[in-house]
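Shown next, in structure tokens, is the structure this report addresses.
Residue numbers begin at 1 in each chain, while the letters A, B, ... track the order of the sequences. Bear in mind the structure is a predicted one, so any value in this text is a computation, not a measurement.
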Amino acid sequence: GAGVSQSPSNKVTEKGKDVELRCDPISGHTALYWYRQSLGQGLEFLIYFQGNSAPDKSGLPSDRFSAERTGGSVSTLTIQRTQQEDSAVYLCASSRQSGPLSYEQYFGPGTRLTVT
Amino acid sequence: GNSVTQMEGPVTLSEEAFLTINCTYTATGYPSLFWYVQYPGEGLQLLLKATKADDKGSNKGFEATYRKETTSFHLEKGSVQVSDSAVYFCALSDRPRTGNQFYFGTGTSLTVIP
């Protein structure tokens, strides 16, 4: 596709349920990022994938959060036993490559998660 | 550590007014600096960037100059339009020292009224 796509666009779930959020990066982009944007807050880095390297999970807020990237393309962010404080917009971004220069990130439209 | 601080919003301006959104950063290395914009109902998109000191990024009439001496990257536009209403995020990337993590500010909401 032309850009980063995310699904679903909106998700309402009950507290304690598990949710999966999906990200399809731009074809050929080797780097993929997940961020969380809470109301009135900036973007909070969650996790980063680069090619076949081990992901940088340093931003995951708890062990209820996990992510995987299959085949170096599609990524799934899973939140187990959701809590109300998990309510936020979850953003995915991809970029062409990493290296000594910073490369532009292309963001998806986000998934708005509401935990009731 | 690395961090970005940008001015609190919201900011409301009349059309054709001058805009400044302040951004300062803390970084251990030599970061690249970015401004991203999020229009209502849309995803973030890169507005402009600067990769080294004294570089000026510009796009769509917006400008920002990478000032190492003041660790700043303030966003400016000489004459704003209603269509500029959006949330603006300042960000830095300190590759390769910290891998590929980007650090974003909290965002500044701009509303331009006719």
Quiz item: Under 6.0 Å from the CD atom of B:E42, do we count more than 12 heavy atoms belonging to anything else shown?
Solution: yes
Quiz item: With a 4.5 angstrom heavy-atom cut-off, which part of B:Q6 approaches chain A: side chain, backbone, both or neither?
Solution: neither
Quiz prompt | Value rounded to 0.5 Å, distance of CG in B:L46 from OH in A:Y106 | solution = 8.0 Å
Practice problem: Test A:Y35 against B:F104 for ring pair (Phe, Tyr, Trp, His ring centres under 6.0 Å), laying out the working first. | Solution: CA-CA 10 Å; A:Y35 296 90; B:F104 284 83; 5.4 Å; yes
Self-check item: Other residues, nucleotides, ligands: >12 heavy atoms within 6.0 Å of B:E16 CD
Solution: no
Practice problem: Pick one of side chain, backbone, both or neither for A:Q37, based on which atoms fall under 4.5 Å of a heavy atom in chain B. | Solution: side chain
Quiz item: Quick check: are there more than 12 heavy atoms from other residues, nucleotides or ligands sitting under 6.0 Å from CD of A:E14?
Solution: no
Quiz prompt | Same apolar cluster: A:F45 and A:L21, side chain cutoff 4.5 Å | solution = no
Quiz item: If you take all heavy atoms of A:Q105 and B:Y36, which pair is closest and at what distance?
Solution: N-OH, 3.1 Å
Quiz item: Does A:L32 belong to the same Ile/Leu/Val/Met/Phe/Trp/Tyr cluster as A:V89, with side-chain heavy atoms less than 4.5 Å apart forming each link?
Solution: no
Quiz prompt | Pairwise distance OG1(B:T106) to CD(A:E44) - rounded to 0.5 angstrom | solution = 13.0 Å
